[in-house]
Number of protein chains: 2
Amino acid sequence: MRMHSASREALEASFRELCHRNQLAVTHQRSVIYRALMEMPGHPSPEEIFARVRREVPSMSLATVYKTLHSFLHAGIVQEVSPHHGSLRIDHNLNTHHHLVCTNCRSITDIDDDAVRPIALCGRLPRGFRVERYALEIHGLCERCAAQTGGAAASAPRRGRHSSGAGSRHAPTH
Amino acid sequence: MRMHSASREALEASFRELCHRNQLAVTHQRSVIYRALMEMPGHPSPEEIFARVRREVPSMSLATVYKTLHSFLHAGIVQEVSPHHGSLRIDHNLNTHHHLVCTNCRSITDIDDDAVRPIALCGRLPRGFRVERYALEIHGLCERCAAQTGGAAASAPRRGRHSSGAGSRHAPTH
DNA sequence: TTAAACATGAAAGTCGATTTCAAAAGGGTG
DNA sequence: CACCCTTTTGAAATCGACTTTCATGTTTAA
């Protein structure tokens, strides 16, 4: 415990700065969630974060975790692993190719190219991982969304936001 | 219309061969779905496929689309864009890094490395796409899942399959 | 052709993920 | 320190994405 206090304080300090920079109130819950995020290896889901954070703050509610994650995502303090986590997406192109994913409208466009192949796979892979395929995922704003949102960063897209004709949908390349 | 019939027949022929090779009955619905998949640009969701296919076969049901997609996925006729589409996953590492994703247990492991950067972004990108970040997604079987499933290909994983302690879960790197 | 095996459609069901809401508590600014 | 606005809570409601069911219709293999 004693050993952690230095890094914990450093984390707390950087968290406070992040909050101020992003005009977020510094609350105990947010601080605990932030620390959990920074200390959890891998790519935790909201439920996993909730489970961990509850050990420290048993009164924490799942709703708070979701809201805090949204705040952090919006502020760019953390990222989503993938902007297209909502539902199954089919890919009929079995060749190696890459994906341009719009973080706003979630459209996915292919780029054929396997120049990446030789570089990507030399070394670095842990022993035992059996590679089936790989793709470079390039996340950003497609031309239309870039035009719509202008220079401003897009806010974190919500699930289902694009399912009807309304909103920022614009018949992407699906 | 006339112009398409040649490629349509070719598609139909390859579809029949795929079905025979995979011991799938050749049905009209499957054929229509297959053609839709091959003709739809991008990476359609089941709903989008359903919407398109309905134009041709109004009686088609969403359940059939799902069942057919599963058959196709199982047979390797198409792929999932990403094996981790189930729910939000948080990534607190804002540096460029890559993801090793297990197609069986859906664990995600980071690999730090930006050797890919210079190659990936030269040329190829369509005009107007505003890149925010990129990551090489390497899909395959992690060591444990590779050991469990042996040489056999893993069947298409189902949602929620790994959420409890049971099944093939083995406390991945979350 | 014909029977067994398999596929389909419509509707209801499941289920995890996420949001809502009203009340209570907590920050931050003056 | 006071006051107002933002946050947190906890439970319930919602949502969206699939899945199951089962009676009926097709496909296939012999």
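Predicted model, so just to flag it, every value in this text is computed and none were measured. Each chain gets a letter, A, B and so on, in the order the sequences are listed, and its residues count up from 1.
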Checklist outcome for this item: Atom CD1 of I49(B) and atom C1' of dC18(D) are separated, to the nearest Å, by 14 Å
Checklist entry - For dC18(D), does OP1 or OP2 lie under 4.0 Å from any side-chain N or O of S87(A)? => result yes
Checklist entry - Nearest of dG9(C), dT28(D), dT7(D) to any side-chain atom of T64(B)? => result dG9(C)
Item to check | Minimum-distance nucleotide to P46(A) side chain [options: dG9(C), dT18(C), dT8(D)] | outcome: dT18(C)
Item to check | Nearest-angstrom distance from the residue atom CG of L62(B) to C1' of dT19(D) | outcome: 10 Å
Checklist outcome for this item: To the nearest angstrom, the CD1-C1' distance between I90(A) and dC18(D) comes to 13 Å
Checklist entry - Do R52(A) and E48(A) sit within salt-bridge range, that is, some charged N less than 4.0 Å from a carboxylate O? => result no
Item to check | Phosphate OP1/OP2 of dC18(D): any Y66(B) side-chain N/O under 4.0 Å | outcome: yes
Item to check | Nearest-Å distance for atom pair CD/C1', residues E80(B) and dA17(D) | outcome: 13 Å
Item to check | T27(B) side-chain N/O to dT8(C) phosphate OP1/OP2 under 4.0 Å | outcome: yes
Item to check | Distance, rounded to the nearest Å, where L88(B) contributes CG and dC15(D) contributes C1' | outcome: 16 Å
Checklist entry - Measuring from Q29(B):CD to S59(B):OG, what's the distance to the nearest 0.5 Å? => result 6.5 Å
Checklist entry - OP1, OP2 of dG9(C) versus side-chain N and O of Q29(B): anything below 4.0 Å? => result yes
Checklist entry - For dT19(C), does either OP1 or OP2 sit under 4.0 Å from a side-chain N or O belonging to H70(A)? => result yes
Item to check | Minimum-distance nucleotide (side-chain atoms of K67(B) versus dT28(D), dT8(D), dA10(C)) | outcome: dA10(C)
Checklist outcome for this item: Whole-Å distance, L24(B) CG to dT27(D) C1', equals 12 Å
Checklist entry - Going by atom types only, do H43(A) and N93(B) share a side-chain donor-acceptor pair under 3.5 Å? => result no
Checklist entry - Out of dT28(D), dG9(C), dG10(D), which has the shortest distance to the side chain of M60(B)? => result dG9(C)
Checklist outcome for this item: Ranking dG10(D), dA7(C), dG27(C) by distance to the side chain of S61(A), first place goes to dG10(D)
Checklist entry - At what distance, to the nearest 0.5 angstrom, does CD1 of I77(A) lie from CG of L37(A)? => result 9.5 Å
Next on the checklist: Please report the distance, rounded to the nearest Å, between CZ in R16(B) and P in dT26(D).
Outcome noted: 16 Å
Checklist entry - Looking across every strand, which nucleic acid part, if any, lies under 4.0 Å from A63(B) by heavy atom: base, sugar-phosphate, or nothing? => result base
Next on the checklist: Please determine whether a side-chain nitrogen of the Lys or Arg among R16(A) and E12(A) lies less than 4.0 Å from a carboxylate oxygen of the Asp or Glu.
Outcome noted: yes
Checklist outcome for this item: note: L69(A), atom CG; dA17(C), atom C1'; distance rounded to Å ~ 13 Å
